[in-house]
Amino acid sequence: MEAANLPPLVGQQFDDIEQQREAAKLGMWIFLATEVLFFGGLFLGYTIYRFTYGQIFVHTSRKLDVLLGGTNTAVLLISSLLMAFAVRAAKLDQRRMLTWLLIGTALLGCVFMSIKGVEYHKDYVDHLVPGRHFEWHGADPHSAELFFWIYFAMTGLHAIHVTVGIGIMLVLALLAWLGKFSHGNHNTVEIAGLYWHFVDIVWVFLFPLLYLVGHR
Amino acid sequence: MEEVTQPKVYVRTCVALLALLALTWAIAYVDLGPFNLIVALGVAIAKAIVIALFFMHIKGSSRLLHLAAVAGMIWLLFLISLTLGDYITRGWVPLNH
């Protein structure tokens with residue numbers, strides 16, 4: 001049988017493929033809404049502490065490396081471009097292209113995590129990790145430490161999401177290679193793409209809020 | 001086969017996002033007082049909207065998906081605005097203990 005003539009697989013509970021695709025996307029957007037609120041608690045905490053200790057946040061933020069943070073923003077934005085092309089390749093049934101684009105997205109995710117690792121190491125060496133090791137020679141060390149608690153909590157939760165995303169992309173790359181997303185069965189790639197873009201959006205907010213506080 | 005977006009749309013989206021990143025980065029070195037925060041947030045919101053519209057295909061998707069996409073944001077705005085409403089107005093009214 002000619003493979004290209006196979007129809008996409010429609011679950012019994014759906015009327016047709018359009019409904020199935022819409023249901024998958026709606027489910028993912030609802031999950032992303034819960035993710036917004038999951039990160040939202042941390043953004044709220046950030047807002048209140050920044051409102052309360054504004055000036056100290058400005059001084060403390062300058063300890064962060066804008067070059068590394070900014071580069072990481074660009075890395076994630078470009079990874080989102082690859083992801084968008086991956087979803088396009090899946091829709092066009094380009095198996096080989098899809099596999100490589102998913103691997104490329106995962107690799108840029110790894111670049112992001114490596115840069116983040118270098119940054120975390122610098123923070124550790126500079127005694128900026130909160131806890132017993134923390135050292136601050138400016139005014140109000142407790143509020144400065146609070147900023148770093150928030151910084152590590154927010155970037156840490158985001159880093160966990162990137163790590164999960166890298167894992168998803170690699171599994172999808174393998175499945176794509178095996179032809180699991182051919183013949184219109186590209187739902188999984190599309191909603192994984194939504195997740196990856198969401199993680200990108202979170203970083204788009206973290207970068208200015210943590211690295212570009214006030215005038216540098 | 002499903003309708004797909006032209007590659008140039010994605011490339012332009014990415015170029016626009018990188019330009020916005022350069023803008024927010026550059027403005028951080030200019031002293032605008034409290035407007036630094038407003039500009040930084042404005043650029044971040046613009047980037048998020050561009051990503052959602054073009055990369056996440058909100059442009060061209062159904063009303064139902066639009067609703068699901070803005071729902072989380074609206075609840076987050078409630079959370080932050082009501083809590084800030086509390087923090088900002090503390091001390092406005094003297095309390096006699």
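Numbers restart at 1 for each chain; the letters A, B, ... are given by sequence-line order, proteins then strands.
- L76(A) does not touch chain B: none of its heavy atoms, backbone or side chain, sits under 4.5 Å away.
- Judged by distance alone, the side chain of D123(A) and the main-chain N or O of L128(A) form no donor-acceptor pair under 3.5 Å.
- Within a 6.0 Å radius of CZ in R96(A), no more than 12 heavy atoms belonging to other residues, nucleotides or ligands are found.
- Heavy atoms closer than 4.5 Å to chain A are found in the backbone of T5(B), but not in its side chain.
- I17(A) does not touch chain B: none of its heavy atoms, backbone or side chain, sits under 4.5 Å away.
- At a threshold of 4.0 Å, the pair E190(A)-R21(A) does not count as salt-bridged, since none of the basic side-chain nitrogens sits closer than that to a carboxylate oxygen.
- Inspection of non-hydrogen atoms places no residue of residues 103-113 of chain A under 4.5 Å from chain B.
- The parts of I45(B) that come within reach of chain A are both its backbone and its side chain, each placing non-hydrogen atoms under 4.5 angstrom from that chain.
- The main-chain N or O of E18(A) is never found under 3.5 Å from a side-chain atom of E22(A) such that the two would form a donor-acceptor pair.
- Per-residue heavy-atom pair counts under 4.5 Å with chain A were compared for S61(B), P7(B), P34(B), and the maximum is reached by P7(B).
- Crowding of Y53(A) atom OH: a count of heavy atoms from other residues, nucleotides or ligands under 6.0 Å not exceeding 12.
- Classified by interplanar angle (parallel below 30°, tilted 30° to 60°, perpendicular above 60°), the ring pair W203(A)/H158(A) is tilted.
- When heavy atoms are compared at a cutoff of 4.5 Å, V11(B) approaches chain A by way of both its backbone and its side chain.
- At a 4.5 Å heavy-atom cutoff, the contact between L37(A) and chain B is made by side-chain atoms alone.
- Both the backbone and the side chain of F198(A) have a heavy atom closer than 4.5 Å to some heavy atom of chain B.
- The most heavy-atom pairs under 4.5 Å with chain A, out of L84(B), V70(B), I51(B), come from I51(B).
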Quiz prompt | Verdict with reasoning, H59(A) to F147(A), per ring-ring contact (aromatic ring centres under 6.0 Å, His included) | solution = CA-CA 10 Å; H59(A) 290 303; F147(A) 175 84; over 10 Å; no
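- The parts of L79(B) that come within reach of chain A are both its backbone and its side chain, each placing non-hydrogen atoms under 4.5 angstrom from that chain.
- Interface remark: I88(B) contributes backbone and side-chain atoms alike to the contact with chain A (heavy atom separation under 4.5 Å).
- By number of non-hydrogen pairs under 4.5 angstrom with chain A, the leading residue of A40(B), A52(B), A69(B) is A69(B).
- In this structure, the portion of L32(A) lying under 4.5 Å from any heavy atom of chain B is its side chain and not its backbone.
- D65(A) and Y211(A) share no side-chain donor-acceptor pair at under 3.5 Å.
- Judged by distance alone, with hydrogens and angles left aside, the side-chain atoms of N185(A) form no donor-acceptor pair with the main-chain N or O of K180(A) at under 3.5 Å.
- Using the six-membered ring where Trp is involved, F85(A) and Y10(B) have ring planes that are perpendicular, over 60° apart on the 30 and 60° scheme.
- At a threshold of 4.5 Å between non-hydrogen side-chain atoms, the residues H197(A) and S80(A) count as touching.
- Separation of the H186(A) and F181(A) ring centroids does not fall under the 6.0 Å cut-off.
- Using a 4.5 Å cut-off between heavy atoms, I38(B) does not touch chain A at all.
- Within residues 44-52 of chain A, the residues having any heavy atom closer than 4.5 Å to a heavy atom of chain B are L44(A), T47(A), I48(A), R50(A), F51(A), listed by residue number.
- Look at K122(A) and D126(A) and you find no salt bridge, because none of the NZ, NE, NH1 or NH2 atoms lies under 4.0 Å from a carboxylate O.
- Other residues, nucleotides and ligands contribute over 12 non-hydrogen atoms within 6.0 Å of the CZ atom of F14(A).
- Looking at L64(B), both its backbone and its side chain come within 4.5 Å of chain A, counting heavy atoms on both sides.
- Taking F78(B) as the reference, I74(B), W75(B) meet the side-chain contact (heavy atoms from CB on, under 4.5 Å) condition, with sequence neighbours excluded.
- Of the listed residues I80(B), L17(B), T13(B), L65(B), the one with more heavy-atom pairs under 4.5 angstrom with chain A than any other is L65(B).
- In this structure, the side-chain hydrogen bond (donor to acceptor under 3.5 Å, both in side chains) partners of Y120(A), at least two apart in sequence or on a different chain, are T155(A).
- No side-chain heavy atom of F57(A) sits under 4.5 Å from any side-chain heavy atom of S143(A).
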